[in-house]
Structure formats: C-alpha cells, structure tokens
Amino acid sequence: MALLEVDGLDAFYGRIRALEGVSLRVAQGEIVALIGANGAGKTTTLRAISGLMRAAKGHIVFDGHDIGRLGPAEIVRRGIGHSPEGRRVFARMTVRENLELGAFTRTSGAEFAEDFERVLAIFPRLRERLTQKSGTLSGGEQQMLAMARALMSRPRLLMLDEPSLGLSPILVQTIFRVIREINERGTTVLLIEQNARQALGIATRGYVLEVGKIAFEDTAANLMASEAVRAAYLGGGAA
Amino acid sequence: MALLALDNVTKAFGGLVAVKELTFELDAGGIAAMIGPNGAGKSTVFNLITGIYAPSSGSIDFDGRSLRGLRTNRIAARGIARTFQNIRLFAFMSALDNVMTGRHARMGASMFDSLLHTPRQRAEERRVRERARELLKFVDLERAGASYARNLPYGSQRRLEIARALASDPKLLLLDEPAAGMNPREKDELIALIGRIRDSGVTVFLIEHDMNLVMNVSERVTVLDHGEKIAEGSPDAVRRDERVIEAYLGRADGAA
Amino acid sequence: MDVFFQQIVNGLSLGGIYALIALGYTMVYGIIELINFAHGDVYTLGTFFSLAILTGLGVSGEMHGLPLVGVVLVTLIAAMLLCGLTGVLIERLAYRRLRNAPRLAPLITAIGMSFILENVMQLWHGPSPISFPEVIPNPAWALGGVEVSAKQIAVIGLAIVMMAALQLFIYKTKMGKAMRATAQDRDAAQLMGIDINTTIAVTFLIGSALAGAAGFVSGVYYGTTWFFNGFEAGLKAFTAAVLGGIGNVAGAMLGGFLIGLIEAIATQYIPGGAQWTNVVVFSVLVLVLIFRPSGLLGESLPEKV
Amino acid sequence: MTRRHAALGFLGLALVVYPFVDRNNSHVDFLANAGAFILLALGLNIVVGFAGLLDLGYAAFFAIGSYSYAMLASQQFGIHVPFWLMLLIAPVVAALFGLLLGAPTLRLRGDYLAIVTLGFGEIVPQTFLNLSQYTNGPNGISSLDQPSLFGHAFGFSATPYYYVLLGLIALGILAARNLQNSRLGRAWMAIREDELAARHMGINTTATKLAAFALGASFSGLAGVVYAAKLDLVSPDEFGFNVSVLVLSMLVLGGMGNIWGVIVGSFVLSFINSFLLPQSTSLAHAAGFVNVDFTNYRFMLYGVILVTMMLFRPEGLIPSRQRAAEFHEAILDPALAAQEQSEYEGVAR
Amino acid sequence: MQTIAATSRLAALAALVGLVGCSGTTTTTTSQSSSGSASAVAGATVIKIGIDMPVSGADASTGIPTRNGAVQAIEEADRKGAPAGFTFVAYDLDDAVQGVHDPAQGAQNTRAFVSDDAVLAMIGPFNSSVARAEIPITNDAGLAQISASATNPGLTKGPDAASLRTSHPDVNSFFRVCTTDDRQGAAGAQFARKLGLKKAFIVDDNETYGKGLADVFDAQFRSLGGTVLGHEHLTKGQTDYKALLTKANALGPDVIFYGGTTATGGGLLRKQMRDAGMAATAYLGGDGISDAEFETVAGDAANGVYYTVAAPETSKLPSAAGFVAAYKKRWSTDVGPYSANAYAAANIEIAAIEKAIVAGGAKTPARADVLKNVAATNGFPSPIGPIGFDKNGDTTNPILTVYKIANGKGVFVDQINLKS
C-alpha cells in the first residue's frame, strides 16, 4: 500500500476551482515529482495534503488513515513534513530557533539532539549560522534551513515546494544532491519543481499538472523523454 | 526612438539582487515578451517599470521621458497599463465598473463634478460607459458587464483585467503571465486577443511561462535568469539558445 | 532638581501600570494583528476581580507580615487567572470567527466587546467609583529630597518582574517560541505542528493575565476604580505599545514608562499642565504613527521579495 | 423605477406633513435630533462605507462644526454670521480639518488609521475645553444666534430645525448617491478592494482617501451647525468617543456602504436611544422598579450590536450588495490573503 | 427593489415612532398617578412636575437623594389632597449619559417637559452645566424651574444670565434654593483666611461647577490678602495626581483648594496628597465633596478636610427634623445634602400651582401664572428655613455651612450667613 494516496481532490479559492479531481500516490521510499506550469495547482495540492486548506471533495489517505479532516498540526504529528514555497523561514528568529520549531511536535530531548546533529551534518552551512537571525541568511541558506526545519519533525513523507526557486545553478545542484541524500536515508519525498529536468532526474515517478488536473503520470524516465512534457515547458517543440 | 528603454537597471532587496544591470529597449508597435524561470526577476522588472519599486541604480525612460521618481498612478497616466500575475481585479465591483475604473486616469471629473453630477460629468460618464462596453465586447465579455468580477470564470477574469488595462488608452500594455491557469482553448483565444490589441496600435510587452504562447505571438523575446538578461532575439533564435534551455529544463548533467 | 527627580519617580510608577497593560496589547497585536480594544477593560476587570477576592477573603484593611504576602499573592494570582480566562473567552467568542474576515470586522467587534465589558462592570458595581481596601502598608522613604513610597516601588518592580518573566517565557519556552512563530508566519507555524488556536488562546491568556496584574496593582495603588477606568488607561497603554514598537515586549515596557514620564513631565513643566496631559499623550501617539510607525524598538524587517 | 420613485415620494410627503399630523413637539424634537444623526451617519458612511477607512474620531468634526457656529454666530466674539451662511462655511472648516488630519495619516494601515483618528477625536474636544479664554471652557458657549427665515425666528420649536434637517438629509442622500456613482466613488471602491491595483489605474490613492475624509468631515460639520443652533449651546462634553461609536454602530447596524441602510440604522438607534429606553425606564419606574434605568445600558446595546452584527451579519440589516459579498465571500484562502497582504505591505510606501 | 424595501421599512419605523410615542405618553400618565398617590381620584386632572436629575452614574450618589426629596414633596402634597379635581404626579427623567450628567440630555428632557401640557413646573437640574442648556428652553416656554443645587452664579446674575434668557429677556423662569458659588467660593476664601492659611494652590475639575467655584475662590482669596501659588485644571478620567501634587508641593502651599466633585477627582486628590508628602497640608472644597463617597475614596486621609455646603445645616434647623424623619421613613436611607433643598423647591412650586388654581377658579392654571407665583415667593417656610427669591431668582436666604471631616463624618464647624 502506498504511503500517501490522494484521490479525486477538488479545491477552490473562492469560486475559482484550483484543483479538479487530482489523484496521486506516493509509495514508501519514492521520490515523486509534481511538475507543471505556474498556476497549475501544484502548491494547492501540497497545501491540501498538509491541511493548510481544506479540499472540497476527495480523500487524502496517509499511512492507511484518512487525514482529510485533520488540522495541519495533527498532520505534522502523523509524519508529513512540508517545506513551503518561498521558504517561509521565521525571519526574526535564529537558525537554531527555527530548527527547534521544526521539532515542535517532538518531546524527547535526546532525539532532538540526535536529529539536530544529523540535520546539521546534511547542511553544514547552517552550523556556522546557528545564532544568526534567519532573515539575514542568503536565499540558498534559507532554503536549506526550510528543508532542515521540515526534517526536524522526522517526517516519513517530506513535501518540498520549489526548493530550487531563485537559487543559483550551483546551489540548485547542492539542493538536489541533498534531496537525494535525504531520500536515501529513508525519507519519502514529494517534490514540486519547475526545474523539470532536474526534478525528474532524481525522481522515481512524476505527475504533470495542467490547469488543476493531472495531465500525465508516468515514471520519471518516461516523462523526461516525453515530447508532451517538453512542449508544456518550452512550447512549440511538438508543433 | 524606443518607446521604453531600461538602461543598466539594478534592483536589490537588502542583499538580494533581483534584477542586475538590465538594459533593453522596446520599440513602439508589436509584441515583445520576457521569459525566464520562476524567480528570475521578471515581475520585478514590471514593478520597476510601473513605479512600485524604484530602481537601485540605472534609469527607465518611457516615450522619451524619464520615469524617475514618478508614483505608480502618474506612470499609469503617462500611458503604461498592466495586468497582474495573480489577477487583481476589483473583485466585488461589476465587470463594467472595473473597466470604467480603468479609465480613471483619462477622466476629468473633479470631486465637485462627482458630487454635483454636473452636465460635463454626466456626459463623460456616458462616454466612458460606452467605451467600457466596447472594451468588454473587444475581449468577448459583452454579456458579463453586470457580474461581479470575482464571479466570472478564471479565463474571463484574465480577459477582464486586460480590458480594464486597455481602458486607459495605454501606449504600452504589460501583461504578467496572461495565460497562467488557462486551458488550451482559452489560450488560443488569448493569442488572438493579444494580436487584436497589437493591431489596435498598443505595444504589448508580456511575461509568460507558457513558451508555446510566447513563441506564437511575440516578435522579440528577452530571456531573464537570476535577474540577468541571458538572451535576446527572435523566438526561434531564443528557443535554440543553449543557455535558455539550460535555464528552463535544468542542466542536463544535473539529471545524471 | 528634586522636583524633577520626584516627577521621574511619579512618571515611572504611573508608567509601570501602562507598561503592564501595554504588554497585553503588544502580544495580541503581534500574533493576530488586532488592536484588542477590550484589553483596557480587562485591566479594569482585574481591579474588580481583585476587590471581589479581597472581599471574599474578608480583607478590608492593612495587613502585615506573612498574611500580607499570602493575601497579595492569592489575590494577584487569582485576578490574573480570572482575567486571563476572560481574555481567552473573549477571543473564543468574538475574535476567532473573524480571523480571516476583512480587517475592519474584528476591530469593530473589539470596540463592541469593550462596551459590553464596561457595562457588565457597571451592572456589577454600579456606575460610581468604587473604593479598594488599603491592603499594603505604605511607608515612604526620602532619598535625597525625593519621596519614594513602598507602593511606587512595588508598581515599578512588579512591571519589571512581569516583563522579565514574559521575556523568559517567550524566548525560552516551547510555547513562547510557538507564539513568536505564529506571530511571524501563521502558515509556516502550522507546518511545524503548532496548533495556532491554542497558541493564540495562550497569548490572550497571558496578555489578559498581565492586565489583571495591572488591575490589581492599580487597585492597591490608587485605592479606587470605576467601570469606565479602562478606556483611557487602555488607550494610553496602546499608545505606549505603539511608541515602543508594537509586537515588541521590551518596547511595550519602554513605551509604558515613557508615557508615564511624559505625563509627569508635561504636568510639571507645562503651565496649567494637568489639563493638557491627554492632549500631549495622544499627540505623541499621532506623531509616532506618522513618523515612526514601527516605534522605538520596532524591527524593520528585510523587505519581502 | 416608477414604483421606487412613488415610494420615495410617498415617504417624502409623509415626512413633510408629519409635524402637522403629530402636534406633540417632543416627537418632532426627537425626529429632528435623529435627523442630525442621520446626517452624521451619511457622512461617516462616505469614509467608512465607501472608502473603507475606519474613522473612530468622527465626533471631532461634529465638534468643529458646532464650535464654528458657536464662535461665529453668537455674542462670544460679537460675530454674527447668518445661520444659512454658516451652513456653507462650517462644512468647509470641518473639511479643512479633515485634510489637516488626513494628509499625514492616510498612508497608515487601516487599524493604525483608526487609532490615530481616535486620538484626534480625544484631542479636539479636550482642546476646546482647555482653551477656555475662547470657548468658555466647561461652560461651553450658550445663547447662540437663532436662525431665522424671512424674518421668522426659529425659536425653541423643533419644527423649523426638523425641516432644515429634512432638506439637508435629502441633499445629503443626493450627494452620497452622486458620489457613489461617479469617478470618485469608483475610485473609493477600487481602493477598498485593492489599493495597489487602484494605483495602477492612475488613481492617486492619497488624494482620493483625503477626499473621502474631507467630504465625510463636511457632513459632520454641517450636522454640527444645525445641532448647535437647535440646542442653543455647545459644550465640550457632547463630542466624546461615545458619539463616534454611536454613529459607527448606526452604520454597522444599518449596513455600511448602503445609503438607505445607514439611514435606517441611525434612525433605529436614535429611536431606541431617545424613545424606547427612556420610555421603558418610565414604565419600569411606574411599575415600582425605581432603581431600573435602561438608558444606562445604551452602551451595552451598542456593544452588543457591534459584536453580534460583525459575527453574524457584518453587512448590516440593509446591506449594500457589494459589502455583503465582501464579508461573506471574501474569506478566501487565509494563507493567500495573508500572503497578498504581506506582499502588498512590502511594496507600499 | 432594494430601495423600495428599505423605504417601506423606514416608513414602518416612522409609523412606529408615532405609536410608541403616543402609548408612551398615556402609560406615563397612568403609571405616574400610581407612583404619585394611591388616593388619586379617577378622572382627576393630572398636574405634572418635571424632575430632571442625574440619577445614574457617578453623579447618582447625590442626584438620587435630591430627586427623592422632590418626589417626596409631590407625594405628600398629593396625599394631603390636591385641590379638588386635580392630582399631582412627578415626571422624572435622568440627564446622565454613560454615567455622567449631560447638558444635551438635560435639554432634551426639558423639551419633553415643555411639550407636555400637563407639566406646570420643573425641579432641577442638579448641575450648573446642565442648567445652562435648560434655562433658554424654560425661559422660552415660561415654565417655572427651580434647582436645588446648581450653584454657578452665571445662571442668574450678570450678562451671562442675560444671555441665557434668549426668548424673553425680561422674564426669569429659573430659580434656586441654594446659594451660589460666588457666595460659596467667597465663604470658602473667608473661612480659609480665618484659619490663617496664606498660600493656596487651587485645583479644579474643569467643569462648570468646579471651575466656577475655584475661580471665585481664586479671586476672593487674593482679595483677602492670600497668595495663590497656582491654579490647575484636571483632565477628566485621570486617576493619578501625583505629578500635579508634586508640582504643588514644591511651591509650599498651606492649603489645597479643590473645586469640583468627588466623582471628578476630589477624593483621590486628597488621598494622594499623603503619598506626595502633603499629609499636613490643609484641604478645602465645596459642596461637591460633601458626600459619603468622599470619605470612602479618600479613606483615612479624609479626616481633617473642610468643605462648604450652600445650605444651612438641617440638624441646626428645627424645621428640618420632621422632614429628615419622613425622608428616612420613605426612602430607608439618610438624607443627601440637597434632599431638603429639593423638597423645599417642590413645595414652593406646589404652593404656587395651588394658589393659581384657587385664583383661576379651579381651572388648570397657565404656566405663566405659576411662574408669577413662584417668583413672588417670600418667607416660604421650609426645612431649610424661610425662602424667598430676589429678582434674579436667587434665594434671599444665603446661609452656608462649613464642615470638617472627623472620624469619617462631616462635623459642623461654622455657619456663614452672607446676607450680613
């Protein structure tokens, strides 16, 4: 059984339909990429999964339990970490405090210390910045912090929303390397990316969203080879 | 002479440089596009042109005059109209009122005209309403005039935003991702609409993600990545540019 | 010069009460960006509760020694608790539903809550000023020509202790961090597993409890109150919060003391100053909002892109 | 259209003949007082209802209008500007003060603006009180010039004032409707909906908000003149925060943004205030409950109105279509709203 | 459509005003006869006496006893038997808004009296500021009005008073049975000098009564050779006077004179004097602090305070004993400082009405006749001594009393008769 199963999700902003019958599944240990143009509904899908917005229709089942009616705090507790679009680090708090907040649902001090070390091992740059206000970090560092923070809840599923957004190519490489590393250490990943090639490069499978609907679904390799995907991004290629 | 000229424009937010030493010119007439991945700084360029941000350095000239120090409303009055990436209609005003509001800068009614409904004011209102109806028709929304903007379907909202922008008789129309969230049929209609706008003599400058649309409508494309111009030229040339492909799909070796 | 220093003492002790009230304003504003208009009335309610508790304990005069400590602690804590619960109740009933409504809505509701609380207090003790027993002996000491009374020291001291405790709470405890996180980015806070309803409720609890403490102190210090007392005190405390930088705990404290000082100094040095204090204070409010809306200690964040 | 005009015509006629039908002067007096509040509410509606700016110190302009009349049409300085001329001057004076307050503050965010206006509302009457060499301080200024029309003095009958107010309200309604359906009215709505987009339409947002402030203040100034003349007295304690809140409650009850709603709201509240509560108190006293005084709890009533309306029917009893939609549908995705808010605040200067 | 709906709702409301208004009047009439007296004859013509007092809020502690005095007089007159075919009832209204007396409310109440033809005279208001708003109205209507307690001199004397008589400059309709602040202020100044106090610091509450009183004291104290070190006005709602007292203390006054009421800060000011190191400084005020509230608020610090009352001490007047006992029986509380005044004022009006009834052949008298009779009052026996009015409407019996608080109670110190 899949770790996460989303079935027939509809979501609205006011009267505007943002998602229409979105279904996807993420199996334990996978990296699944969700790609698509701006406004296609990728972020909305993640927000619905983590409980930040309520879907009008459909089911979200995580680890065998329907989480569609739960609040975001409870969903985090159940094991879904979400690093939101635009990083959303707590700018007026230090890096350390941000990480502590990431472990908000955890109670064991020992586990915290362990995770803290583990996360800092993945992102050594953050160690140098522990006492700095996170608002003063560079964009790349903030992205690392956002991911590290999400990892601090020791999630079984980590959802990453545009982790490479606005980063320099060299940093993008780092971020993707880290995502793979996180996955290899046992965390399942659901990844939104506009950098499709990169995303599909590390993903097991992928979904292409178009105007609120899943347009394609396939293995990453197939999608990468697909003219349709290429067309969706660069246009004209198929014409 | 160029209609719009950015000369060595840089915009930094704190330490983050969103737009870096950008120089380009836009000639009157025709359709130009600016593309680039998310976060490349495209919207910032629009915000610089429309006076929401002041450039950290460099200068922006429009129609032969500098825009330096002008507030957004003054720039709009100069003849630059825009739409927004995340539609910013006046949600609880009727479609017709939205378009009529778009005419604000070209209207002369003073506070006292408004208060007293002078004959001059009434004549102007009539003219503007007439013009607004024409514009609604122009964007195929002639039957939507009485609806609240927010009750229109998404695609219609996009077109309404364009009609509202056109109401000020702009010389330059900036479209920020006009096709975002549109289905293929709506996109086709949009392409036709943009063509009609160009034909009516308004210069169109658009930001777009949908390459298909960009390649179909624009005569000239500027590519931005990390705030810098990385390519410029005809759609075909740009599409073949290695740096552009890399910026968009990511580096091939990254996938390996 | 003695007069000047005496006025400083006067201003600080008056400011201590403003500061305690301002803390609640600043916390609530920090977390849900609402000017909790009813907060000043929760402060007055604190005096009312304290009076009820003292009456219940059968205290009507000066106490000494251990009984004094006991009575003061019991009353203070009970008043804080009752006010805190009132604050939570107000949030639950009147504000929570409107958390995502247009901004005017909760503000108008808050004004309404303020009027309701005032009238509840009017129903309770009638419209006339009510007196508060002299619980604490009030010796005074002359420090080089400056008279300082025990109550003044108590007011200033309590304000500082409360602020320090609050600072500790906000920066050192998990709930405190949750409050700060929620204040900065509600969504991101939820993604950390923070239950924002609880967090906001706790913010109201603490802010209102501090107002309750201020209410108790004011009862002891002035020996009187009336149902409408909170309106003006609340407004001045809000001014203090704005002056210090709204959302900033240390700022609220600083602002409170400054407003107290401004009042005292204005009274002393403006001819006929007593009648101009409100004009001076509210002018300060207007000027601060116009020229430095972020206040003295307000952080100006790096601009969001 | 014709039915609507007929209804309006009927209402107008009924109001014109009312004093002839009901000879009880205290009823006419009540209606005249209610009229002054309707005028106030129409003005505040421009600021709050149309432009969406919460003004908590609106009574200050009422005070300014009243004191203008008291100082320029009484023995106070021996200046005797005719009442009818004051009806032109006082609104202008009030509007100027509106500009004075608005110019530096209108760039503030909504809730800060509310507090600044509240502060202003506290300062103005206090200043009138303190400057006793010009205003007689707490005594106020009494025995103001009595208006007269064609040589007939108004005297202490409420009836002439009733007609003056009826006329002013009719003009006020007309003016408010004109404004609503005009370039300026659309600009207000646009600013309320989306200030940033409004700027892109070429709307000078500061000037437009100032216009709302000044126009709203002028209504208040106008009401002040009539109220002062009718009362024959101004004193500084008539213009406190409670007056500002009373008028706001009228708007909230009736329906912000809707002219008829606002009129009904202010009428209902005036009615409750000046009629229902005192009468019920008399009844209670007669029934032996001598210590009951319902008028004491009128502010409880305002509070309950403000809270329950905002929670359950924020658009008011007779809502404007637009406001109703805003309150009920605008609860978009909160995160999106917050994001837009911060985005906007990030760019607004 | 919406407009039509709105319009019709508005019209319905307008109709409702008429209805409730009418029913309101009738109910008031019937009910008041019951409150007036059980012996009211069915079908008797009702004569109402309007009473306007602040009976809620901070002023209630003095306003209610004053109202009670007037009501008691009306009840007694009715029980004793009004002239055949008539019955007296009290029509009492509250002029306090949000707990504070309010001139506009007072004016509105007075209009209600004036527009009710059954009202032939009125008692009130309590406060001078309210009186200023009411006098032009009673002057216009020719309605006799007697205040028990409004002591501001400008209400009856000088150009100020003239300016209030707008409609009929030659007619005075406002009377009072209390002495005026100029007399009270003068008495206070005299008394202070008599105590040997030289330097005064004056504080007032910036209200009509308090400021008026303080201004007179200020002038009188100087003219009697005293020094005024400063004169400050309080801000309404203030509770912390330490800064002000520090400022005063630095100047070294012998006495703080306070013009104002307990509610506006008199008690707190006294209380805080001790905190400001001024326990030894004398404190003197007017009748505004002559209530039990003052002792409650000021606590121990109240002891030693002096205050003047613009009325004779009832216990010193044999004529008062009966009233005091009856009052206690009727209301189950002690009399307030102005209860007897109001009782006297109501009796003067009742007598004037009865006289007019008799003179007019048992017809309902005109207000003008009642007014004439009130103005002609002379040597009218009352609990506060014989009362007459001078041409301004002021009492010809200007007796003031000075009290000193000892053990939490006002104790008679001195009686000052300013006529001499």
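Letters go in sequence order (proteins before strands), and every chain restarts at 1.
Within a 6.0 Å sphere centred on CZ of D:F97, heavy atoms belonging to other residues, nucleotides or ligands number 12 at most.
In terms of non-hydrogen atom pairs under 4.5 Å with chain B, the most contact-rich of D:R183, D:M201, D:E193 is D:R183. Among B:A105, B:S114, B:A76, the residue making the largest number of heavy-atom pairs under 4.5 Å with chain D is B:S114. Per-residue counts of heavy-atom pairs under 4.5 Å with chain B were compared for D:T208, D:T205, D:N181; the largest is that of D:N181. Between chain D and the options B:E161, B:H104, B:R122, heavy-atom pairs under 4.5 Å are most frequent for B:H104.
Heavy-atom distances place no part of D:A207 under 4.5 Å from chain B, backbone and side chain included. Using a 4.5 Å cut-off between heavy atoms, B:T101 contacts chain D through both its backbone and its side chain. Contacts between B:L116 and chain D at a heavy-atom distance below 4.5 Å involve the backbone alone (N, CA, C, O).
For B:R150 and B:Y148, the positive end is not near the middle of the six-membered ring at less than 6.0 Å and at most 45° from its axis. Because its NZ or CZ atom is both nearer than 6.0 Å to the ring centre of B:F90 and within 45° of the ring axis, B:R164 counts as a cation-pi partner of that residue.
Partners of B:R120 according to the salt bridge (Lys or Arg N to Asp or Glu O under 4.0 Å) rule, which considers only residues two or more places apart in sequence or in another chain, are B:D113.
With a 4.5 Å cut-off on side-chain heavy atoms, B:L193 and B:F138 count as touching. Here the side chains of B:Q121 and B:T118 are in contact, with some heavy-atom distance below 4.5 Å.
Checked for salt-bridge contact, B:D169 and B:R103 meet the test: a charged N lies under 4.0 Å from a carboxylate O.
Taking the centre of each ring, B:F205 and B:F46 come in below the 6.0 Å mark.
Checking B:R82 against B:N47 by side-chain atom types alone, a donor-acceptor pair falls below 3.5 Å.
Within residues 184-192 of chain D, the residues having any heavy atom closer than 4.5 Å to a heavy atom of chain B are D:L184, D:R186, D:A187, D:M189, D:A190, listed by residue number.
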